[in-house]
Number of protein chains: 2
Amino acid sequence: MTIDGRALRGDTTRQVVLDTALEMFAKQGYRATSVRDIAARSGITHPGLLYHFPTKQALLMAALKRRDEVDCIEEDDGVVEFADLDGRALLAHLVAGAAKNATKRGLVELFASLSVEATAPDHPAHEYFVDRYASLRATLVRGLEELDAAGQLRPGVVPAVTAAHLIALMDGLQIQWLLDPQTDMAGALAGYVNGLLVHPFDAG
Amino acid sequence: MTIDGRALRGDTTRQVVLDTALEMFAKQGYRATSVRDIAARSGITHPGLLYHFPTKQALLMAALKRRDEVDCIEEDDGVVEFADLDGRALLAHLVAGAAKNATKRGLVELFASLSVEATAPDHPAHEYFVDRYASLRATLVRGLEELDAAGQLRPGVVPAVTAAHLIALMDGLQIQWLLDPQTDMAGALAGYVNGLLVHPFDAG
DNA sequence: GTCTATAGCTTGATAGAC
DNA sequence: GTCTATCAAGCTATAGAC
């Protein structure tokens with residue numbers, strides 16, 4: 001598609017604005033970040049920005065979509081999608097993701113505050129988050145059922161309930177970590193995950 | 001102290017404002033609710049409100065304190081404090097609390113949005129939430145250690161990690177429930193709790 | 001595509017009358 | 001204790017020049 005990395009990233013104003021918006025929403029949250037600030041840091045004025053994204057909400061949605069694209073490229077060395085991983089890799093990926101999140105406070109803040117904010121049915125990002133949670137849950141249920149069929153799950157582990165637990169743990173641990181950065185998100189998550197498996201990760 | 005319930009509740013403007021503030025903060029969040037709106041719904045003007053609570057932050061803190069009082073009175077038939085329950089009662093109380101929360105969306109919204117918002121060190125409610133989480137965690141660790149000493153915990157259950165899990169599950173399940181009211185918060189929490197105990201709640 | 005300028009609104013908070 | 005009036009600041013969004 002492109003010759004080098006820079007060209008792939010795209011040097012149009014749109015892309016610069018999106019990256020800046022993502023960074024600032026991440027650092028300060030959606031409501032606390034003004035269109036003016038994003039525009040200024042992008043090297044244009046706010047009406048200039050609003051030419052590309054007609055409203056602040058539109059900018060948010062575009063930034064979230066961009067984030068998903070970047071996430072996909074960065075997290076998988078190949079072209080592997082999260083949803084395509086097998087059961088065990090899925091769980092390993094969750095723990096690794098928690099460890100990775102612990103290096104990006106702003107992004108954790110963005111998704112934590114936004115996922116609560118977007119709980120309101122009339123929020124611009126409501127559908128985005130409903131879909132996000134539903135697909136994450138579906139992927140986890142599928143992975144857990146796969147492990148169950150292979151006899152890899154301890155007795156009493158119910159895929160549907162466990163999927164909800166895993167998502168809740170990730171969200172809840174993020175809050176605790178934001179309140180107290182000493183919190184070991186990945187460790188706590190790994191503790192739960194290993195309790196699910198007949199052959200925990202420690203033992204190979 | 002008083003002759004009837006009404007007098008106990010207090011009919012001063014202060015109390016009316018506090019209840020209104022609690023309700024509106026719960027429905028819309030702290031930042032999205034203006035002092036004007038609260039005042040109007042309380043039947044006064046906003047300078048009238050600011051006579052009683054000099055700043056919006058002071059109002060928030062007073063409303064949170066009031067909530068804790070109401071909570072204490074309502075939840076415990078006697079004078080028993082949450083922190084005074086024994087290990088098993090503590091866990092039962094968590095599950096019961098989750099079920100009770102499922103009847104009060106507004107309150108769940110308030111604490112969900114506020115606990116993320118207050119993650120910022122300069123937020124007016126930051127210390128309140130840091131203390132809240134620390135004391136809840138300490139109480140749970142104490143209760144779990146108690147159960148452990150009595151041989152009631154399954155092998156491999158570590159009190160410190162499990163306490164963090166329980167708090168994270170409560171927070172995370174609330175988000176899922178807010179996004180989809182079909183979510184069974186109490187059921188999911190009970191599933192985790194029963195996995196901790198040698199003698200689950202089902203079997204007495 | 002990007003600018004200057006500004007409309008039009010909401011916010012938290014204050015001054016001072018009653 | 002509550003009001004009217006007002007401030008200064010912030011915001012999103014629009015109009016129109018270039």
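All values below come from the heavy atoms of this structure, side chains included, with hydrogens, waters and symmetry mates left out. Reminder, nothing fancy here: chain letters follow the sequence lines and each chain counts from 1.
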Atom-to-atom span, CG of L60(B) to P of dG12(C) - whole angstrom: 12 Å
Donor-acceptor pair, side chain of T33(A) and main chain of M24(A), under 3.5 angstrom: yes
Test item: R154(B) side-chain N/O and L197(B) main-chain N/O as donor-acceptor pair under 3.5 Å: yes
Spatial distance of atom CD (E23(B)) from atom CG (L107(B)) [nearest 0.5 Å]: 11.0 Å
Inter- and intrachain pairs under side chain to side chain donor-acceptor pair (under 3.5 Å), touching residues 47-57 of chain A, at least two apart: none
Listed once per pair and sorted, the side chain to side chain donor-acceptor pair (under 3.5 Å) pairs that draw on residues 160-188 of chain B, sequence neighbours left out: Y133(B)-D171(B), H165(B)-Y192(B)
Residue-level proximity of residues 44-52 of chain B to DNA chain C when a heavy atom falls under 4.0 Å: H46(B), P47(B), L50(B)
Salt bridge (charged side-chain N to carboxylate O under 4.0 Å, His left out) contacts in which one or both residues fall within residues 136-150 of chain A, not counting sequence neighbours: R142(A)-E146(A)
Short N-O contact, E69(B) and K65(B), less than 4.0 angstrom: no
Sugar-phosphate, base or nothing in reach of S42(A), heavy atoms under 4.0 Å: nothing
Output one line per pair: protein atom, nucleotide atom from nucleotides 8-10 of chain C, and distance, for all N/O pairs under 3.5 Å.
none

Ring pair (Phe, Tyr, Trp, His ring centres under 6.0 Å): pairs with one or both residues in residues 15-46 of chain B, sequence neighbours excluded: F25(B)-Y30(B), Y30(B)-H123(B)
Phosphate contact (dG1(D) OP1 or OP2) by T13(B) side-chain N/O below 4.0 Å: no
Rounded distance (Å) that lies between atom C1' of dC11(D) and atom NZ of K56(A): 8 Å
Integer-rounded Å distance: dG12(C) C1' and R31(B) CZ: 14 Å
Whole angstrom value for the distance that separates P of dT11(C) from CD1 of I38(B): 11 Å
